[in-house]
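Here is the structure we will look at.
Letters go in sequence order (proteins before strands), and every chain restarts at 1.
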Amino acid sequence: MRLSQLVGSRYKERPAEATLDSHAFLLRGAYARQVANGIYSLLPPGLRVVRKIERILREEMDRVGGQEVLMPVVMPRELWEESGRYQSVGNELVRFSDRTGHDMVLGMTHEEAVVHLCRNEISSHAQLPFMVYQLQTKFRDEPRSRGGLIRVREFTMKDAYSFHASQEDLERYYMECYKAYQRIFARAGVPQVAVVESDSGMMGGKVAHEFMLLVDAGEDTIVVCEESGYLANLEVAKGVVQAYPEEPKPLEKVHTPGCKTIEEVAGFLGVEARRTAKAVFYDQDAEGKLVLAIVRGDRDVNEMKLAKVIKAEPVPATDERIRAVGAVPGFASAMGLDRARVRIIIDDTVAASNNLVTGANEADYHYIYFNLSRDLPGVETCDIIEVKEGDTSIDGKGSLIFKRGIEVGNIFQLGVKYTESMGMAYNDEAGKACTPIMGCYGIGVGRLMSSAMEAYRDQYGPIWPITIAPWQVHLNAIKLAAPGVADTAEQLYAGLQAAGLEVLYDDRDARPGAQFADADLLGIPFRLVVSERNLKEGQVEWKRRDTGESGVMPLAEAVATVKGWIEQAIADINAKADAY
RNA sequence: CGGGGCGUAGCGCAGCCCGGUUAGCGCGCCUGCUUUGGGAGCAGGAGGCCGAGAGUUCAAAUCUCUCCGCCCCGACCA
């Protein structure tokens with residue numbers, strides 16, 4: 001490609017809307033242009049990176065037996081009603097009517113479509129297991145997109161779906177996909193992607209993992225124990241919280257005028273927050289009961305964990321609803337409440353603590369010396385708190401720290417949520433109808449591009465790994481008018497291309513500074529510079545974008561040498577990937 | 001959806017508070033000459049419905065109202 005003809009203008013100034021470097025480079029380097037909030041067009045450099053990533057995805061999906069298919073962006077309402085998600089999913093799912101008034105949706109994920117596609121094609125156990133995948137456009141009407149291509153409304157996703165006759169087979173295949181994902185990220189040049197336990201959210205299913213690229217700009221908080229290698233999304237992270245056991249003292253009611261918050265009560269009584277119990281009401285569990293979650297006063301409820309326990313979305317309850325069950329907001333307690341009307345869920349930290357301060361369900365009064373096993377026996381206890389930095393890792397091998405990460409991929413063991421609701425069945429050996437068990441596996445292509453940019457960059461631009469770089473070699477010619485420069489550069493351009501390399505040739509008669517600035521923005525790993533001063537010695541200059549190393553080499557050897565470097569660089573990356 | 005900020009040339013911004021001929025600056029772009037190793041210099045030029053609509057006024061980029069869009073924080077998030 002000749003840079004003079006490359007569509008898209010690069011520029012020096014940082015766009016005002018970009019807060020992330022990757023977003024700024026995306027625009028400055030003319031990789032992409034925004035069309036509307038969370039909706040982008042890709043220019044040639046951006047699309048070339050995307051195509052490279054897609055090739056890796058196809059190769060690795062094929063390698064684990066995947067078969068590529070293509071499903072539609074637009075689907076009829078009925079399909080989503082079969083799974084129940086037409087109702088259960090919020091406004092991220094775009095709903096609209098076609099000209100005949102038929103309700104349609106824009107696909108945000110394709111479990112419905114894939115079950116629709118496969119349920120009539122599968123009739124025998126002999127056809128299982130199998131996996132189909134696609135690289136296709138998704139539309140999710142996110143409440144808030146941000147960060148260039150990190151979080152957008154319309155995006156390309158590699159989504160894969162596997163079908164199995166048994167949970168064991170799903171688990172076996174899940175591990176294969178897990179490893180395929182590690183190879184994919186390694187081949188894309190981001191082998192440091194961390195795998196964390198995650199919540200399966202609205203996808204359903206039990207086991208799920210997220211593949212996180214740890215960068216400061218990340219949207220998710222990742223809980224890490226460096227000593228043991230423990231990694232989990234904050235949403236599901238478990239930790240060992242320090243307990244302070246002591247001898248139980250007799251329960252006592254004390255006057256605490258106007259003390260409604262933990263801070264007020266603890267301050268008034270002169271105790272630390274950890275010596276109190278915090279009562280938080282939510283509306284409501286799956287049976288419609290008001291939920292009272294109680295955690296130690298120095299801790300917060302992790303609503304993701306709570307959601308799993310109550311099998312519903314925890315919404316903070318109104319004061320009216322709280323009063324309706326006989327509790328007093330600000331002075332609420334689990335004691336004395338009608339358990340038929342309120343579901344009480346106590347965190348393990350409260351169960352493990354003695355002599356806590358808790359509400360008396362009476363305005364301006366609290367109990368002190370509350371002991372769960374004595375004062376409220378038989379109540380449900382479990383882990384519903386959010387871990388904090390400094391907590392001990394659940395494996396006891398070190399303490400937890402928080403990092404930020406971007407979720408570039410995820411894998412789920414879905415179970416039978418879709419196959420059952422949508423009536424997919426096959427006959428087993430005995431001729432009995434059985435429901436296949438599903439797994440699903442996603443990777444956001446544009447997000448991976450942006451994340452890689454975020455992970456590898458300097459002040460001048462991105463530093464692409466060779467396997468996803470828009471071009472492999474950037475060729476500059478300094479002072480085209482000087483004797484031999486233009487001819488030599490043209491010959492080198494032709495020679496590199498003939499050797500099968502992807503070359504971007506800056507054929508403009510621009511000053512060196514301008515050429516180099518553009519080269520940095522395009523982030524191509526290897527750069528060659530033809531100039532009068534080196535040409536006199538029969539030499540051409542080379543420079544690596546990543547290490548900054550540079551030197552000169554004989555012009556006659558340039559093509560073969562660069563080709564060798566590139567092949568070696570690719571081989572090094574693939575060797576790492578093949579280790580998985 | 002809540003809070004905050006911003007819409008003036010492809011990009012970055014000034015002008016607005018305090019209304020007044022033809023709306024400025026830098027980068028980029030076009031022409032010419034000079035220049036050529038980290039975003040060159042000089043000269044000449046092109047490019048604007050000042051986000052949209054409605055008001056107030058002799059007069060609106062500037063004041064008022066409504067709407068739209070974008071960014072950031074939060075809520076949300078497969």
Side-chain angles (χ1 to χ4, degrees), chain A residues 7-20 23-24 27-30 33-39 83 85 88-93 107-112 138-148 150-153 155 157 159 161 198-205 208-211 219-220 233 235 303-304 307 313-316 406-412 414 417-418 440-444 447 458-461 476-482 485-486 506 508-521 527 529-535 541 543 548 550 552:
Chain A
V7 174
S9 54
R10 290 159 303 285
Y11 47 82
K12 192 165 22 174
E13 267 132 338
R14 187 184 178 102
E17 75 245 36
T19 50
L20 300 186
H23 188 190
L27 299 172
R28 287 186 52 208
R33 296 286 179 238
Q34 185 169 5
V35 176
N37 181 310
I39 299 175
S83 68
R85 287 207 289 190
S88 68
V89 175
N91 288 333
E92 303 85 55
L93 179 66
M108 60 193 320
T109 173
H110 280 68
E111 284 75 17
E112 285 81 359
K138 303 279 178 270
F139 194 93
R140 300 180 181 180
D141 197 0
E142 295 281 352
R144 188 173 158 216
S145 58
R146 71 193 103 179
I150 302 274
R151 183 171 207 79
V152 287
R153 296 195 293 170
F155 59 99
M157 186 177 194
D159 46 327
Y161 308 87
S198 72
D199 181 75
S200 58
M202 63 163 284
M203 297 298 296
H209 288 87
E210 290 171 338
F211 291 74
E219 303 189 279
D220 288 273
N233 196 310
E235 294 167 353
E303 294 182 357
M304 280 283 186
E313 189 68 22
V315 177
I406 298 173
E407 182 185 348
V408 288
N410 53 37
I411 56 178
F412 296 90
L414 282 180
K417 175 173 172 173
Y418 300 94
C440 75
Y441 319 88
I443 288 180
R447 180 181 282 189
D458 60 18
Q459 60 176 302
Y460 304 109
N476 290 101
I478 302 300
K479 201 174 170 183
L480 281 179
V485 169
D506 190 344
R508 303 168 306 170
D509 190 22
R511 294 177 64 84
Q515 287 198 30
F516 295 152
D518 273 346
D520 289 341
L521 265 180
R527 189 164 87 193
V529 186
V530 175
S531 69
E532 187 178 19
R533 76 179 186 200
N534 290 315
L535 205 52
E541 181 190 326
K543 183 165 187 180
S550 63
V552 292

Mind calculating the distance between [atom1] ([X]) and [atom2] ([N]) to the nearest angstrom?
X	N	atom1	atom2	value
Glu142(A)	C1(B)	CD	P	15 Å
Leu27(A)	G28(B)	CG	P	19 Å
Arg144(A)	G74(B)	CZ	P	6 Å
Glu17(A)	C6(B)	CD	P	16 Å
Arg146(A)	C71(B)	CZ	P	11 Å

Check every strand shown and say whether [X] touches a base, only sugar-phosphate, or nothing at a heavy-atom separation below 4.0 Å.
X	result
Arg14(A)	sugar-phosphate
Ala36(A)	sugar-phosphate
Pro143(A)	base

* To do: Map Ser9(A) and Met157(A) onto RNA chain B by nearest heavy atom, then report which one ends up closer to the 5' terminus.
  => Ser9(A)
* Residue met sooner reading RNA chain B from 5', once Thr19(A) and Phe139(A) are mapped to nucleotides -> Thr19(A)
Would you measure the distance from the [atom1] atom in [N] across to the matching atom in [M] and give it in whole Å?
N	M	atom1	answer
C73(B)	C29(B)	C1'	38 Å
G51(B)	C6(B)	C1'	11 Å
C71(B)	G19(B)	P	34 Å
G53(B)	A61(B)	C1'	16 Å
C17(B)	U62(B)	C1'	9 Å
C27(B)	C70(B)	C1'	22 Å

* Asked: For C71(B), does either OP1 or OP2 sit under 4.0 Å from a side-chain N or O belonging to Asn37(A)?
  -> yes
* To do: Answer yes or no: does a side-chain N or O of Gln34(A) lie under 4.0 Å from OP1 or OP2 of C71(B)?
  =>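 Checking C71(B) against Gln34(A), a side-chain N or O does come within under 4.0 Å of OP1 or OP2.
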* Asked: Got a second to check how far Arg10(A)'s CZ is from Leu27(A)'s CG, nearest 0.5 Å?
  -> 13.5 Å
* Between OG1 of Thr109(A) and CZ of Arg85(A), what distance do you get to the nearest 0.5 Å? -> 5.5 Å
* **Within 6.0 Å of OH in Tyr460(A), more than 12 heavy atoms from elsewhere** =>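 Atom OH in Tyr460(A) is not crowded, with 12 or fewer foreign heavy atoms closer than 6.0 Å.
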* To do: Step through the shown structure and confirm whether more than 12 heavy atoms of other residues, nucleotides or ligands are within 6.0 Å of CG on Asn91(A).
  =>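 It does not: Asn91(A) CG has 12 such atoms or fewer within range.
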* Asked: What pair of heavy atoms forms the shortest contact from Ser83(A) to Glu112(A), and how long is it?
  ->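 It is OG-OE2, 2.5 Å.
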* Could you tell me which non-hydrogen atom of Glu303(A) sits nearest to which non-hydrogen atom of Pro314(A), and how far apart they are? => O-CG, 3.4 Å
* Distance under 6.0 Å and angle within 45° of ring axis: Arg527(A) vs Phe516(A) ->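 Yes, Arg527(A) sits over the ring of Phe516(A).
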* Asked: What's the closest nucleotide to the Glu13(A) side chain, out of C13(B), G74(B), G26(B)?
  ->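 Taking heavy atoms from C-beta onward, the closest nucleotide is G26(B).
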* Asked: If the sugar-phosphate is the primed atoms plus P, OP1 and OP2 and the base is the rest, what is the B/S/- string for nucleotides 32-46 of chain B, using protein heavy atoms under 4.0 Å?
  -> ---BBBBBB------
* Salt bridge present between Glu111(A) and Lys417(A) (N-O < 4.0 angstrom) ->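 Salt bridge between Glu111(A) and Lys417(A), a charged N being under 4.0 Å from a carboxylate O: no.
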